[in-house]
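Shown next, in structure tokens, is the structure this report addresses.
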There are 2 protein chains.
Amino acid sequence: MDTKERIILAGEELFSQRGYDATSVSLICERAGVSKGAFFHYFSSKEEFFLEILDRWLSDLSQKIESYFKEQDKVINGLLRTTIIFEDIFKESKEKFYLFLEFLRKGISDERILKKLGDYFKRYKEYFSLLIERGKREGSFKDIDSEVLSSLIISYSIGIILQQIFDKDSDWGRISREGVNLIISSIKKEDSKL
Amino acid sequence: MDTKERIILAGEELFSQRGYDATSVSLICERAGVSKGAFFHYFSSKEEFFLEILDRWLSDLSQKIESYFKEQDKVINGLLRTTIIFEDIFKESKEKFYLFLEFLRKGISDERILKKLGDYFKRYKEYFSLLIERGKREGSFKDIDSEVLSSLIISYSIGIILQQIFDKDSDWGRISREGVNLIISSIKKEDSKL
DNA sequence: AATATAATACCGACCGGTTGGTATGTAGGA
DNA sequence: TCCTACATACCAACCGGTCGGTATTATATT
């Protein structure tokens, strides 16, 4: 594996474990098995390094979500898959969600980060809304506000993952599945077949 | 105002603005208008200081939520108030939510913090479930799993607040109100009056 | 093919500045 | 006279980042 990749991998790991501030450049280098010279050869600053990790994460996410929705069947099935998607994306490595938390926290005081996150989630929400609109046209959904519903589903998914951090006893797989079913049952037309 | 209180207030403010690591003890002291001697006179370490702030925050939250639910009318109205409660608790000062984020992030690598947060949310969820069970007994709700529903509502509320950080254009007040209505409509018995 | 030149990849010692924490001192009330 | 409640001065450790240097590889010239 080449040096740059090794540094990035070490950075992702350490940032998600200890956060941005508590992770020193020296530690990243040590973990990656390279010198500080190598780090600053590839990245102009620690801040810039962090942004590169964010970019990688977001484009990775985009790809994954789009591939999920490529499978075109009944919209309602796509929605049913929602939480599975989220579970998959974040739990694939829970690390990744911690990293998300770290991005978010840094975003509070860093407009560049905030914009990147905002743009991404906006696109995601629009994507979702389109899906719901399609469902309405297909005749499977009642006439609900698609923005409200897509926000509801995204919020629910994020919240579920968040709660898993400090509640490790509950069966979150079951809860998330049944939760989505509840949401869907409320927007499904009675006469539409599942 | 006494010295200890002034230090804590400065700490809350700075931790939520810049995060734990980026806030130095010296800065806290400067903001509070006291010396470092005073800080270490009242708190044994920065870490301990942070935990004390967390404790205050959690007990504050408990009080607030319980007072909300003291107002005993139809359960369904209590649920309708849910998002308003969350909005109130966190948006009263959005600062407080950033602080929550900071607690959460530190909790990832600190079991003491994680346990405190976990215990609190568990109690909160139980409280919610009880409310829902009461609603079922009152005959206003269908026979839904109260754990699933309370998790759903909490997740939704947290997720909504989280999304507000990076999406400042949407009308989150409207979205959260309509979202809760959607949830409630799905669990309400047809024949029950609002 | 051999050589010269230049660009890239990387090392590790070092710098000024900041950090959490401590040691020491003192003013004032009991 | 002792204790509490602070203030001041200070320290070793660590921080992000720089810099002079070298080893390796790619390109141009003969």
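Computed from a predicted model, the values in this text were never measured in an experiment.
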Exercise for the section: Report yes or no: do A:S185 and B:S186 form a side-chain donor-acceptor pair below 3.5 Å? Expected result: no

Handout entry: Interatomic distance, B:D2 CG vs D:dA5 P [rounded to whole Å]
Key = 10 Å

Close N or O pairs between protein and nucleotides 16-21 of chain C (under 3.5 Å):
residue: C:dG20; atom: OP1; partner: B:K46; partner atom: NZ; Å: 2.6
residue: C:dG20; atom: OP2; partner: B:V25; partner atom: N; Å: 2.8
residue: C:dG20; atom: N7; partner: B:K36; partner atom: NZ; Å: 3.2
residue: C:dG21; atom: OP2; partner: B:K46; partner atom: N; Å: 2.9
residue: C:dG21; atom: N7; partner: B:K36; partner atom: NZ; Å: 3.3
residue: C:dG21; atom: O6; partner: B:K36; partner atom: NZ; Å: 2.5

Completion exercise
Residue set satisfying ring-ring contact (aromatic ring centres under 6.0 Å, His included) with B:F166, at least two apart, ordered chain then number -> A:F121

Handout entry: Reported CD1-to-CG distance for the pair A:I183 and B:L152, which is rounded to 0.5 angstrom
Key = 5.0 Å

Fill in the blank from the handout: To the nearest angstrom, the CD-P distance between A:E30 and C:dG12 comes to 13 Å

Problem - Euclidean distance, atom CZ of residue A:F50 to atom P of D:dG17 [Å, nearest integer] - result: 14 Å

Practice task
State, to the nearest 10°, the angle formed by the axis through the first five base pairs of the helix from C:dA1-D:dT30 to C:dA30-D:dT1 and the axis through its last five.
Solution key: 0°

Completion exercise
Residue set satisfying salt bridge (Lys or Arg N to Asp or Glu O under 4.0 Å) with B:D119, at least two apart, ordered chain then number -> B:K115

Problem - All side-chain hydrogen bond (donor to acceptor under 3.5 Å, both in side chains) counterparts of B:R174, not counting sequence neighbours - result: A:D145, B:E178

Practice task
Find the distance A:H41:NE2 to C:dA9:P and express it as a whole number of Å.
Solution key: 4 Å

Completion exercise
Taken in chain and number order and not counting sequence neighbours, the residues that satisfy side-chain hydrogen bond (donor to acceptor under 3.5 Å, both in side chains) with B:D55 are B:K116

Measure all distances between protein nitrogen or oxygen atoms and nitrogen or oxygen atoms of nucleotides 24-27 of chain C, and list the pairs falling under 3.5 Å.
none

Please tabulate, for the side chains in residues 15-23 of chain A, all donor-acceptor contacts under 3.5 angstrom to protein atoms that are two or more places apart in sequence or on a different chain.
residue: A:S16; atom: OG; partner: A:E12; partner atom: O; Å: 2.9
residue: A:S16; atom: OG; partner: A:E13; partner atom: O; Å: 2.9
residue: A:R18; atom: NH1; partner: A:A22; partner atom: O; Å: 3.2
residue: A:Y20; atom: OH; partner: A:E47; partner atom: N; Å: 3.3
residue: A:Y20; atom: OH; partner: A:E47; partner atom: OE1; Å: 3.1
residue: A:T23; atom: OG1; partner: A:L14; partner atom: O; Å: 3.3
residue: A:T23; atom: OG1; partner: A:G19; partner atom: O; Å: 2.7

Exercise for the section: Please list, chain by chain and in numerical order, all residues satisfying salt bridge (Lys or Arg N to Asp or Glu O under 4.0 Å) with B:K125, sequence neighbours excluded. Expected result: A:D167, B:E147

Practice task
Tell me, please, which residues at least two apart from B:D60 pass side-chain hydrogen bond (donor to acceptor under 3.5 Å, both in side chains).
Solution key: none

Practice task
Please list, chain by chain and in numerical order, all residues satisfying salt bridge (Lys or Arg N to Asp or Glu O under 4.0 Å) with A:E30, sequence neighbours excluded.
Solution key: none

Under 3.5 Å donor-acceptor pairs involving side-chain atoms of residues 32-42 of chain B, not counting sequence neighbours:
residue: B:S35; atom: OG; partner: B:G37; partner atom: N; Å: 3.3
residue: B:S35; atom: OG; partner: B:A38; partner atom: N; Å: 3.4

Practice task
Could you state the atom-to-atom distance from NZ of A:K4 to P of C:dC10 in whole Å?
Solution key: 11 Å

